Colleague: 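Handing you this structure, nothing more for now.
Just so you know, residue 1 is the first one in the sequence shown, and it goes up from there. For clarity, every value in this text was computed on a predicted model and none was experimentally measured.
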Amino acid sequence: MPEMPGERTPRYVFGWTFTDEDQVELADKFGISKEDNTTGQRADMAFEMIVGMIPRSWRKVAAVGCMRDGRPIVAMCIYIGTNLSDDQIIQAQDEDFIGRVWRMLDTEIDPGWYPALS
């Protein structure tokens, strides 16, 4: 009989979460037309724009679980580190790197650790 696989380590990511509401606010900030696009299209376009603000080699995106207004929700997360390797944990603790990415994103959203859903 084959051995049972070991228990898998849950993946957490360190980054900035963007809920659907956050993405709609970004669409307003970026001036994405309400007339030509649905709310979902505007949100998607805004999220793509903010992801594009980060250099390709740094940007990673995952769906995560987070809390907003006291309730659990799913959000998109632009993350810079995970709990799955020492190098990734070190990167997620590098305050200079965190600050550079945060300034690029130009957001008031605080980064944090979130359980990855994707």
Side-chain angles (χ1 to χ4, degrees):
M1 177 186 289
E3 289 185 38
M4 294 295 292
E7 210 172 292
R8 188 172 163 204
T9 302
R11 181 171 63 126
Y12 282 79
V13 297
F14 182 83
W16 294 262
T17 57
F18 294 89
T19 65
D20 290 340
E21 285 180 2
D22 295 331
Q23 292 175 42
V24 170
E25 287 177 17
L26 286 172
D28 292 340
K29 178 180 173 180
F30 296 147
I32 298 172
S33 172
K34 292 180 182 179
E35 292 180 20
D36 300 332
N37 301 290
T38 66
T39 300
Q41 289 172 323
R42 292 179 72 239
D44 290 345
M45 291 167 72
F47 189 72
E48 289 300 318
M49 287 176 75
I50 201 158
V51 168
M53 294 176 178
I54 306 299
R56 190 171 300 235
S57 61
W58 294 358
R59 64 182 178 215
K60 300 171 196 86
V61 177
V64 299
C66 67
M67 297 291 287
R68 283 287 174 93
D69 301 323
R71 60 186 172 86
I73 60 170
V74 173
M76 295 305 296
C77 182
I78 298 173
Y79 70 93
I80 58 172
T82 73
N83 65 322
L84 297 183
S85 77
D86 290 341
D87 289 343
Q88 288 287 306
I89 291 171
I90 290 168
Q91 184 167 301
Q93 295 173 337
D94 182 335
E95 291 182 16
D96 289 334
F97 185 59
I98 293 167
R100 283 190 306 219
V101 174
W102 206 342
R103 283 187 293 281
M104 285 179 203
L105 292 173
D106 188 27
T107 183
E108 294 179 15
I109 296 169
D110 292 332
W113 285 100
Y114 301 96
L117 305 175
S118 64

Colleague: Counting only heavy atoms from other residues, nucleotides and ligands, does the tally under 6.0 Å from OH of Y12 exceed 12?
Modeller: no
Colleague: Measure the shortest side-chain to side-chain distance between R103 and L105 over non-hydrogen atoms and say whether it is less than 4.5 angstrom.
Modeller: no
Colleague: Take a 6.0 Å sphere around CD of Q41 and say whether it holds more than 12 heavy atoms from other residues, nucleotides or ligands.
Modeller: yes
Colleague: Would F18 end up clustered with M53 when hydrophobic side chains under 4.5 Å apart are linked, directly or stepwise?
Modeller: yes
Colleague: Quick one: pull up CG in D44 and OG1 in T39 and give me the separation to the nearest 0.5 Å.
Modeller: 11.0 Å
Colleague: Within the structure provided, determine whether P55 and M104 are in side-chain contact (heavy-atom separation under 4.5 Å).
Modeller: yes
Colleague: Do you know the tightest heavy-atom contact between I98 and Q93?
Modeller: CD1-C, 4.3 Å
Colleague: With the side chain counted from C-beta on, respond yes when I80 and Q91 share a heavy-atom pair under 4.5 Å apart, and no when they do not.
Modeller: yes
Colleague: Measure the CG-OG1 distance between D110 and T17 for me, rounded to the nearest 0.5 Å.
Modeller: 9.5 Å
Colleague: Going by side chain to side chain donor-acceptor pair (under 3.5 Å), name the residues that satisfy it together with D28, two or more places apart in sequence or in a different chain.
Modeller: R42
Colleague: Looking only at non-hydrogen atoms, find the nearest pair between P10 and N83 and report the distance.
Modeller: O-ND2, 3.0 Å
Colleague: Should we count NZ of K29 as having more than 12 external heavy atoms under 6.0 Å?
Modeller: yes
Colleague: Determine, using the 4.5 Å side-chain heavy-atom cutoff (strictly less than), whether F97 and I78 are members of one ILVMFWY cluster.
Modeller: yes
Colleague: Compare every heavy atom of R100 with every heavy atom of W58, then report the nearest pair and how far apart it is.
Modeller: CH2-NE, 4.0 Å
Colleague: Could you tell me whether the side chain of D22 reaches within less than 4.5 Å of the side chain of M76, counting heavy atoms only?
Modeller: no
Colleague: Applying the 4.5 Å side-chain criterion to the ILVMFWY set and letting contacts propagate, would I54 and F30 be lumped into a single cluster?
Modeller: yes
Colleague: Which atom names give the shortest non-hydrogen contact between W102 and I109, and what distance separates them?
Modeller: NE1-O, 3.2 Å
Colleague: Just so I know, are the side chains of V61 and Y79 near enough to count as touching, which here means a heavy-atom distance under 4.5 Å?
Modeller: no
Colleague: Do W16 and V101 make a side-chain contact, defined as non-hydrogen atoms from C-beta onward lying under 4.5 Å apart?
Modeller: yes
Colleague: Should M45 and V24 be regarded as members of a common hydrophobic cluster, given that ILVMFWY residues are connected when their side-chain heavy atoms come within less than 4.5 Å of each other, either directly or indirectly?
Modeller: no
Colleague: Between A75 and C66, which heavy-atom pair has the shortest distance, and what is it?
Modeller: CB-SG, 3.8 Å
Colleague: Could you state whether I89 and L84 fall into the same hydrophobic cluster, counting links through intermediate Ile, Leu, Val, Met, Phe, Trp or Tyr residues with side-chain heavy atoms under 4.5 angstrom apart?
Modeller: no
Colleague: Mind listing the closest non-hydrogen atom pair of L26 and A46 along with its distance?
Modeller: CB-CB, 3.7 Å
